[in-house]
Amino acid sequence: MPTTQPAYKKDDNLANLVHELVRQIPKGRVTSYGAIAKSLGIPNPRMVGWAMHTTENIKKNVPAQRVVNSTGHITGGHPEFRRDLLIKDGVKVINNRVADFKRLFWDPALEL
DNA sequence: CAGATGACTGCGA
DNA sequence: ATCGCAGCCATCT
């Protein structure tokens, strides 16, 4: 039995907001943690990463593959897996880095 | 209860 | 141009 029962099952925090926003990312587009944090009013982009790190993102079918750091580099535990998903979305990825990241960058505050 | 960690970013040297 | 440090919030041990 799962002795390590995650206590973050309360979607009343940033994680929920982040997941929702990430879900709104159009296919073939990518964004950065800082942009999301800024858009949601989070002083620290770290929390965005933490929100994604939570296993909830997978449960919610959140396209974490479309979320990369400012350099467009795929961060996380399974970069290969996410890279494949990005390619499937039509995003070219080279060396775990999004090609034309600047062009494919999707700013939530700008588009929303 | 307190200390350390973490999917980051921006600025300074 | 590259390298290093500090900031912030929530969770974990």
Side-chain angles (χ1 to χ4, degrees):
Chain A
M1 50 110 63
T3 53
T4 51
Q5 188 86 25
Y8 47 72
K9 59 163 48 163
K10 51 180 162 198
D11 306 330
D12 309 88
N13 16 37
L14 300 171
N16 189 8
L17 296 170
V18 174
H19 294 159
E20 295 225 355
L21 191 129
V22 172
R23 254 201 263 167
Q24 291 166 65
I25 300 176
K27 181 182 169 204
R29 286 273 204 251
V30 285
T31 186
S32 61
Y33 295 92
I36 296 171
K38 205 171 164 192
S39 201
L40 295 176
I42 302 170
N44 269 11
R46 258 199 166 120
M47 300 291 71
V48 181
W50 160 80
M52 304 301 296
H53 168 185
T54 60
T55 326
E56 296 259 327
N57 64 3
I58 298 170
K59 274 173 74 166
K60 292 174 180 231
N61 199 20
V62 176
Q65 68 262 18
R66 291 175 190 158
V67 184
V68 294
N69 58 12
S70 345
T71 65
H73 195 252
I74 300 175
T75 31
H78 297 273
E80 302 178 5
F81 176 70
R82 297 167 70 193
R83 185 186 71 172
D84 187 43
L85 293 173
L86 277 171
I87 292 171
K88 269 168 112 188
D89 280 348
V91 179
K92 290 192 220 143
V93 180
I94 301 172
N95 260 349
N96 290 352
R97 205 190 133 261
V98 179
D100 299 328
F101 166 66
K102 249 162 132 189
R103 247 193 339 175
L104 297 172
F105 187 83
W106 180 77
D107 189 340
L110 185 70
E111 300 291 327
L112 299 177

In whole angstroms, the gap separating P of B:dG6 from CE of A:M52 amounts to 18 Å
Expressed as a whole number of angstroms, how long is the span from A:L40:CG to B:dT9:P?
14 Å
B:dT5 and C:dC5: how far apart are their P atoms, nearest whole angstrom?
15 Å
How far does CG of A:D107 sit from CD of A:E111, to the nearest 0.5 angstrom?
7.5 Å
Approximate separation, where rounding is to 0.5 Å, of A:L21 CG and A:W106 CH2
5.0 Å
When the distance from CG of A:N69 to C1' of B:dT9 is rounded to whole Å, what number comes out?
10 Å
Give the nucleotide from the list B:dT9, C:dC9, B:dA7 with an atom nearest to the side chain of A:P43.
C:dC9
Looking only at atom types and distance, does a side-chain atom of A:D89 sit under 3.5 Å from a main-chain N or O of A:V91, one as donor and one as acceptor?
no
Would a distance-only check, ignoring hydrogens and angles, find a side-chain to backbone donor-acceptor pair under 3.5 Å from A:H53 to A:G49?
no
Figure out the CD/C1' separation between A:E80 and B:dA7, and round it to whole Å.
16 Å
Of the options B:dA7, C:dA10, C:dG7, whose atoms approach the side-chain atoms of A:M47 most closely?
C:dA10
Closest to the A:R46 side chain: B:dT9, B:dA7, C:dG7?
C:dG7
Between A:R66 (side chain) and A:I25 (backbone), is there a donor-acceptor pair under 3.5 Å?
yes
Is A:S70 close enough to B:dC8 that one of its side-chain N or O atoms is under 4.0 Å from OP1 or OP2 there?
no
When rounded to whole Å, the CD1 to P distance for the pair A:I36 and B:dA7 reads 15 Å
In whole angstrom, give me the gap between the P atoms of C:dA6 and B:dA4.
15 Å
May I have the distance from A:L17 (atom CG) to C:dA10 (atom P), rounded to whole angstrom?
12 Å
Report the distance from atom CH2 of A:W50 to atom C1' of B:dC8, rounded to the nearest whole Å.
15 Å
In whole Å, I'd like the distance from the CD1 atom of A:I42 to the C1' atom of B:dC8.
12 Å
